[in-house]
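Numbers here simply count residues along the sequence, with the first being 1. None of the values given here were measured: they were computed from a predicted structure.
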Amino acid sequence: MAVAGCPDYFLLHPNYQQDNVDRAANHRQSDLIGPGFPPSTNRNSPSHQEDDVDLEALVNDMNSSFESLYTSCSVQTESTPLLHNGQLPRHAAYHTHAQPTSPHQRLHRSQPMHILAVRRLQEEEQQYRTSSLPAIPNPFPELCSPASSPTLSSGSLPQCQPSGKYIIKVFSEDGMGKVVEIPADMTARDLCQFLVYKNHCVDDNSWALVEHHPALGLERCLEDHELVVQVQASMTSESKFLFRKNYAKYEFFKNPLNFFPEQMVAFCQETSGTIPPSQLLQNFLNSSSCPEIQGYLYVKEMARKSWKKLYVFLRRSGLYFSTKGTSKEPRHLQLLADLEDSNVFTVITGRKLHNAPTDFEFCIKPNKVRNEVKELRMLCAEDEQSRTCWMTAFRLFKYGILLYQNYKIPQQRKTLLSHFSAPVRSVSENSLVAMDFSGRIGRVIDNPVEAQSAAMEEGHAWRKRSQRMNILGSPSPLHPSSLSGVIHRTQLWFHGRISREESHKMIHQQGRVDGMFLLRDSQSNPKAFVLTLCHHQKIKHFQILPCEEDGQMFLSLDDGATKFTDLIQLVEFYVLNRGVLPCKLKHPCTTVAL
């Protein structure tokens, strides 16, 4: 039997019920609570123990005890103290009298106040917790943010791990954008893999997501483990994400000596430059070691346009400069920037915006800074190799072993896929066989070596045949220009009529690594082409001139010593052979349209 207003604890413990039965009998005898209670049977008397249990009398006793208990609970006020088991203190029980109240009032006044207080406190905490977090992630933040920003404001994200779906926009280098819906825990690597799959790009693990700030003239490649939503929350309305190649992201793991000159690394000077490359990187990745990068940098004064040349040290604890020459004493070092809550950016318009002394400017930007140029720490190096060394060391000091893990993940995946290296062929491809039609009747070529040789001969014969047909003036769909003169325009490494400065910019954006190249039309000779190649972080240009032999036109890079019928043949040759070039062609500089 449930009694309104009394806790369930009273109904679950028989001993407690019996104590209340006895207490109700005592209250009836002493007339402290009031008349009208039915007589109760004393269960402890000998006569009661000898007789059989009277079920009807027991039920009546329990009913009377519950009514008395209900009355004692209903007369409690907010100032009446309660014990832990819900009973009234003795002095309170003997000085309270039941008053005739309505059922609604009795139900309301019978609630234990300490329970209500706890529940009210819990409800208020829950209400505060739910009101402080966004119930549903906003898919269109530009419609409600105060600055009409297409990005997520930092206040709209919870302090803990974000969840839900978010809308971002990614741009290609041609200015075209693509809207993508991503989960909150998607990393930069995952988003690049998604865009590679959607746009049918070659997955060579060299694609990167770039954080671009046009108003500040800054950009940087996101690390593969960074969450895209968190980075977007710190961006302004003018900032955007770019999807492009970056071959130099982990190139320092392959050729560390090209990125860290001996005169700039402290422990290299102490060991007279005899430290092996593996030990060089291990010292950077090991948090217990203390390497440092040192050298002269131009430092822009805060809130001023002037630059000062200072001797700077980059350590795990931060970026410092010496107030007394090249001294490393702690009393001569002052902090320039912290590494923990900052990121390093490349300045793409340093000469124009900041009046930089050289073209090799970079910047340390705190994460809390959005559009305040005065809060940026502008730095300028003497050459490209020095700037690359400073920026690479910054990444290693900040992320450490995480960078190495990001570098090894694609290699581990390639190792797993090596067991399935045989290409999966379709049904139509499996039904094709190599045929030889040189005789009177065709025959199937069973020998795979012979089939491959026949395919190569057929390819060379096709090129010579097309070249000869166009020279003789035969009706060709591409007449008067030959097929070999235009087929290269379909290749990703060919960029048409772009200037020398634009080719420099493209190679710099995609990483100055050995073997990066592109081909373009020559601006000085309309019949010639130019090969732009990067070697030892320097960009060089080689002119490809046409030459004639036996009435046929060829292309040559070395004044006719090596001739090619078209640019595709030329590129294929220098991918396998260095020739007159400083290095082989390795990484084509490409752009993709989203």
Selection [range] - residue pairs positive for salt bridge (Lys or Arg N to Asp or Glu O under 4.0 Å), sequence neighbours left out:
{"range": "residues 584-594", "value": "none"}
{"range": "residues 166-177", "value": "Glu173-Arg244"}
{"range": "residues 391-402", "value": "Glu223-Arg395"}
{"range": "residues 490-509", "value": "none"}

Handout entry: Pairing of Arg377 and Asp338 as salt bridge, 4.0 angstrom limit
Key =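 Between Asp338 and Arg377 there is no salt bridge, as every charged N stays at least 4.0 Å from the carboxylate O atoms.
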Exercise for the section: Could you give me the CA-CA distance, side-chain angles and deciding distance for Lys324 and Glu329, then say whether salt bridge (Lys or Arg N to Asp or Glu O under 4.0 Å) is met? Expected result: CA-CA 9 Å; Lys324 186 177 181 181; Glu329 296 185 19; over 6 Å; no
Once you measure the plane-to-plane angle for [X] and [Y], does it fall in the parallel (<30°), tilted (30-60°) or perpendicular (>60°) bin?
{"X": "Phe260", "Y": "Phe252", "result": "perpendicular"}
{"X": "Phe564", "Y": "Phe573", "result": "tilted"}
{"X": "Tyr311", "Y": "Phe313", "result": "perpendicular"}

Tell me, please, which residues at least two apart from [X] pass ring pair (Phe, Tyr, Trp, His ring centres under 6.0 Å).
{"X": "His212", "answer": "none"}
{"X": "Phe345", "answer": "His213"}
{"X": "Phe397", "answer": "Phe284"}

Handout entry: Other residues, nucleotides, ligands: >12 heavy atoms within 6.0 Å of Phe171 CZ
Key = yes
Handout entry: Glu340 CD: over 12 foreign heavy atoms closer than 6.0 Å
Key =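 Not more than 12 within 6.0 Å, no.
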What residues form a side chain to side chain contact (heavy atoms under 4.5 Å, CB included) with [X], not counting sequence neighbours?
{"X": "Cys534", "answer": "Ile507, Arg512, Met516"}
{"X": "Lys198", "answer": "Lys178, Phe194"}
{"X": "Asp558", "answer": "Ser556, Ala561, Thr562, Tyr574, Val580"}

Determine yes or no for a side-chain-to-main-chain donor-acceptor pair under 3.5 angstrom, with [X] supplying the side chain and [Y] the backbone.
{"X": "Lys408", "Y": "Gln405", "result": "no"}
{"X": "Gln510", "Y": "Tyr247", "result": "no"}
{"X": "Asp514", "Y": "His536", "result": "yes"}
{"X": "Asn577", "Y": "Gly579", "result": "no"}
{"X": "Trp207", "Y": "Val202", "result": "yes"}
{"X": "Thr358", "Y": "Glu382", "result": "no"}
{"X": "Trp493", "Y": "His488", "result": "no"}
{"X": "Lys368", "Y": "Ser234", "result": "no"}
{"X": "Ser206", "Y": "Lys245", "result": "no"}
{"X": "Arg520", "Y": "Thr532", "result": "no"}

Do [X] and [Y] have side chains that get closer than 4.5 Å, going by heavy atoms?
{"X": "Phe243", "Y": "Val196", "result": "yes"}
{"X": "Leu396", "Y": "Leu285", "result": "yes"}
{"X": "Gln385", "Y": "Pro261", "result": "yes"}
{"X": "Val312", "Y": "Trp390", "result": "yes"}
{"X": "Val530", "Y": "Phe542", "result": "no"}
{"X": "Gln569", "Y": "Leu555", "result": "no"}
{"X": "Leu314", "Y": "Leu339", "result": "yes"}
{"X": "Gln491", "Y": "Pro588", "result": "no"}

Quick check for you: to the nearest 0.5 Å, what is the distance between [X] atom [atom1] and [Y] atom [atom2]?
{"X": "Phe259", "Y": "Gln537", "atom1": "CZ", "atom2": "CD", "answer": "5.5 Å"}
{"X": "Cys221", "Y": "Glu211", "atom1": "SG", "atom2": "CD", "answer": "10.5 Å"}
{"X": "Cys290", "Y": "Arg315", "atom1": "SG", "atom2": "CZ", "answer": "9.0 Å"}
{"X": "Leu209", "Y": "Asp190", "atom1": "CG", "atom2": "CG", "answer": "11.5 Å"}

Completion exercise
For residues 214-233, the ring-ring contact (aromatic ring centres under 6.0 Å, His included) pairs (sequence neighbours left out) are His225-Tyr399
Exercise for the section: Kindly write out the residues that satisfy side-chain hydrogen bond (donor to acceptor under 3.5 Å, both in side chains) with Arg578, not counting sequence neighbours, or none if the list is empty. Expected result: none
